[in-house]
Amino acid sequence: MLQIQFAEIPEEGLALKVDDVSWFPARELTRSGDLRVEVFLERNGEMVLLRGSIDVALLRVCDRCLEEFIRPQRIDFSLVLELAETDDGREVEIDDHVADQSEIEVVLVDHPVVDLADLLHQQMILALPQKILCRPDCLGLCEHCGANLNLEGCGCAEISEHSPFAALGRLTKDKN
Ligand SMILES: [Zn+2]
Ligand SMILES: [Zn+2]
């Protein structure tokens, strides 16, 4: 179901709704609700143009305040799959005019098969930001008492300035 032979793609293209969710990286990511995947495949000789979208809501943990939140995401992608003919040692030439339409990633495949599981998994991982915040202005946690500053003011900032420990801290620092 998730593997499509190039030869199976008709001239007018092939539109698919992918119901099989086995490709989803469930060990790394938690989703909330449905996963909707649509792809459109077009074949041009030994090349296949794959366009698609992934709609998913992910359960994430904010890097700053450590709260869980749900973020809906839509990932659009376009890929060109090109059959790598390496058997005869010939260098693989990537069609310039395809590569020139920049932004389109060319994926070389060993067999004339579209491995949707692999490709969708990759697109999902690539689309994840390195750092994620529940909101752009998340205040995070107080470094003294651990309070979530989005929810409550803890007053640590004022106390620490006047506390004897703060003064002590300054003294020790000065000595060094
Ligand atoms: Zn946060
Ligand atoms: Zn605090």
Side-chain angles (χ1 to χ4, degrees), residues 1-4 15-41 48-81 98-109 114-176:
M1 164 72 203
L2 289 173
Q3 295 220 335
I4 297 148
L16 287 175
K17 277 195 166 69
V18 182
D19 296 323
D20 185 334
V21 297
S22 61
W23 63 269
F24 187 79
R27 246 183 307 163
E28 292 98 331
L29 295 170
T30 310
R31 63 191 169 89
S32 162
D34 289 345
L35 179 60
R36 277 201 310 278
V37 178
E38 288 180 25
V39 294
F40 186 68
L41 298 153
V48 166
L49 175 62
L50 166 66
R51 279 174 298 176
S53 62
I54 301 171
D55 272 294
V56 65
L58 295 175
L59 187 67
R60 307 299 309 269
V61 174
C62 175
D63 280 333
R64 210 177 272 167
C65 71
L66 310 180
E67 287 293 317
E68 285 190 338
F69 63 100
I70 291 167
R71 174 152 302 169
Q73 232 175 319
R74 182 189 170 92
I75 301 155
D76 290 300
F77 55 89
S78 299
L79 296 170
V80 170
L81 278 77
V98 171
D100 269 355
Q101 292 172 357
S102 62
E103 306 303 309
I104 294 192
E105 192 190 336
V106 177
V107 179
L108 294 176
V109 292
V114 182
D115 185 345
L116 279 180
D118 198 37
L119 295 167
L120 291 170
H121 184 278
Q122 252 177 47
Q123 292 303 315
M124 184 76 242
I125 299 289
L126 284 175
L128 295 175
Q130 289 297 309
K131 196 171 171 65
I132 183 150
L133 298 178
C134 60
R135 56 186 216 211
D137 60 345
C138 171
L139 297 172
L141 302 177
C142 170
E143 56 185 285
H144 301 288
C145 72
N148 183 342
L149 299 175
N150 295 319
L151 304 175
E152 50 183 337
C154 61
C156 287
E158 295 137 49
I159 295 165
S160 64
E161 276 304 305
H162 307 292
S163 84
F165 296 109
L168 195 66
R170 277 199 295 275
L171 281 176
T172 341
K173 215 174 178 182
D174 289 346
K175 264 187 216 163
N176 293 335

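These numbers come from the heavy atoms of this one structure, side chains and all, not from hydrogens, waters or symmetry mates. Indexing begins at 1, ligand by ligand and atom by atom, following the structure's order.
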Colleague: Quick check for you: to the nearest 0.5 Å, what is the distance between E143 atom CD and C156 atom SG?
Modeller: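 Between atom CD of E143 and atom SG of C156 there are 9.0 Å.
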Colleague: Check this for me, if you would: do D19 and K17 make a salt bridge, where the nitrogen-to-carboxylate-oxygen distance has to be below 4.0 angstrom?
Modeller: no
Colleague: Once rounded to 10°, what is the value of the angle centred on the Zn ion (ligand 1) between C65 SG and C62 SG?
Modeller: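 That angle works out to 110° after rounding to 10°.
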Colleague: Looking at D137 and R135, does any basic side-chain N land under 4.0 Å from a carboxylate oxygen?
Modeller: yes
Colleague: What angle sits at the Zn ion (ligand 2) between SG of C154 and SG of C156, to 10°?
Modeller: 110°
Colleague: Tell me, please, whether F24 has R31 positioned over its six-membered ring: NZ or CZ under 6.0 Å from the ring centre and within 45 degrees of its axis?
Modeller: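 The answer is yes; both the distance and angle limits are met.
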Colleague: Flag C142 as yes if one of its N/O/S atoms falls below 2.8 Å of the Zn ion (ligand 2), otherwise no.
Modeller: yes
